[in-house]
Amino acid sequence: MEERKIIKFDADIVSLAANSKHCLVLLASGELQKYDPVEDRVSGLNFLGITSDNTSAAKGVITHLACGECVTVACTSTNAVYNIPNHTTTLPKHVRIKKVVAGFEHCLMLTTNGDVYSWGGGLRGQLGNGEIVATNDLPCIVQGLAGVKVTDIAADGWHSAAVTVFGDLYTWGWNNQGQLGLRDPQHRERVVSLPQLVSFPGNEDVTVEKVYCGIGHTVVEAADMEGSKHVWVAGWDLEKRFNYTEAKSSANFEGFRKLDAPVQEGPVKQFEVGAGAHLVYFLQRIQDE
């Protein structure tokens with residue numbers, strides 16, 4: 001078992017974002033630090049306002065972070081968007097950023113009024129604009145979701161997902177592992193370049209609340225008609241996630257399946273679900289009595 005590594009900083013941590021190469025740490029002081037696990041070294045990333053072109057935004061402070069394998073995104077209080085260290089664009093003042101996520105090569109951004117923007121690599125349809133393009137450098141509204149108010153987004157690998165205010169789930173991108181949760185054979189092992197509405201097995205009436213993406217799977221938190229909360233997973237078979245000698249990462253095109261939470265012992269405790277690149281995890285928060 002590897003020895004646990006503890007990294008200490010001079011200020012409280014506001015946000016974390018990581019890929020397979022490094023971890024970005026945003027501090028309450030406004031500083032952005034990068035931890036390199038190979039070199040076991042922490043260094044500062046001081047890129048704001050360093051560009052000299054006329055389109056460069058005022059400095060501002062970092063408000064959102066996201067890491068992919070090929071993109072590392074930071075958004076600032078002045079609506080500037082960076083693929084660190086390069087300034088990508090500055091969004092209009094009326095656009096207010098709520099969330100930013102990244103796959104291997106692409107990024108999604110959700111605004112407070114429910115619009116979704118995408119940019120970056122698009123060869124596997126992950127931008128959601130109906131086109132297969134090598135790259136799109138500037139954030140563009142995902143037209144397939146135009147007029148639909150989105151409340152949550154997720155991305156990883158080469159696929160994307162969005163949840164609407166009505167509890168509907170849309171997915172798009174590469175469906176090579178069944179990660180889009182689309183059961184129609186026409187989508188199997190295909191690139192899906194427009195957002196598709198996902199149906200759940202047996203046409204069960206499910207209200208999706210949150211979505212998370214791994215490389216080959218998608219996880220959602222959803223409520224049924226009685227209000228009971230459930231976790232569903234599509235793509236890789238991660239049912240035996242607590243026994244890694246039996247867990248499978250082979251493709252599964254059956255659509256979404258219910259995923260049981262860990263068995264709870266003693267008083268009922270709160271679980272939060274999430275997804276890593278190759279796994280699903282349940283985080284237990286013990287409430288103070």
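Annotation: side chain of Phe256 is in contact with side chain of Val220 (closest heavy-atom distance under 4.5 Å). Under the 4.5 Å side-chain criterion, counting only non-hydrogen atoms from C-beta, Pro37 is not in contact with Lys21. At least one side-chain heavy atom of Thr164 sits under 4.5 Å from a side-chain heavy atom of Tyr170. Taking the side chain as every heavy atom from C-beta outward, Thr218 and Trp232 never approach each other to under 4.5 Å. Between Asn175 and Arg190, the closest side-chain pair of non-hydrogen atoms is not below 4.5 Å. Trp174 is not listed as a side-chain neighbour of Val192, based on a closest heavy-atom distance of 4.5 Å or more. Ser43 places none of its side-chain heavy atoms less than 4.5 Å from the side chain of Gln33. Side-chain contact between Ile141 and Gln143 is present, with at least one heavy-atom pair separated by less than 4.5 Å.
Distance CD/Glu105 to OG1/Thr135: 8.5 Å, rounded to 0.5 Å. Ile97 contributes atom CD1, which lies 7.5 Å from atom OG1 of Thr76 (distance to the nearest 0.5 angstrom). Rounded to the nearest 0.5 angstrom, Trp172 CH2 and Leu180 CG are separated by 10.0 Å. Summarising the geometry, atom NE2 belonging to His230 is positioned 11.5 Å from atom CZ belonging to Phe200; distances are rounded to the nearest 0.5 Å. Between the CG atom in Asn252 and the CH2 atom in Trp236 there is a gap of 12.5 Å [rounded to 0.5 Å]. Taking NZ of Lys34 as the reference point, atom SG of Cys67 lies at 10.0 Å (rounded to 0.5 Å).
For Arg41 and Asp36, the salt-bridge test fails: no basic side-chain N is under 4.0 Å from an acidic carboxylate O. With respect to the salt-bridge test (charged N to carboxylate O, under 4.0 angstrom), the residues Lys5 and Asp40 qualify.
Among Leu32, Ile62, Val61, the one residue that satisfies the side-chain contact (heavy atoms from CB on, under 4.5 Å) test with Leu48 is Ile62.
For Arg96, there are no salt bridge (Lys or Arg N to Asp or Glu O under 4.0 Å) partners, not counting sequence neighbours.
Cluster partners of Ile13, by chain and number: Ile7, Phe9, Leu16, Val25, Leu27, Tyr35, Val42. The rule joins Ile, Leu, Val, Met, Phe, Trp and Tyr whenever side-chain heavy atoms lie under 4.5 Å apart.
In this structure, the side chain of Asn83 does not engage the main chain of Val71 through any donor-acceptor pair within 3.5 Å.
For Thr89 against Pro139, the heavy-atom pair with the smallest separation is CG2-CD, 3.6 Å.
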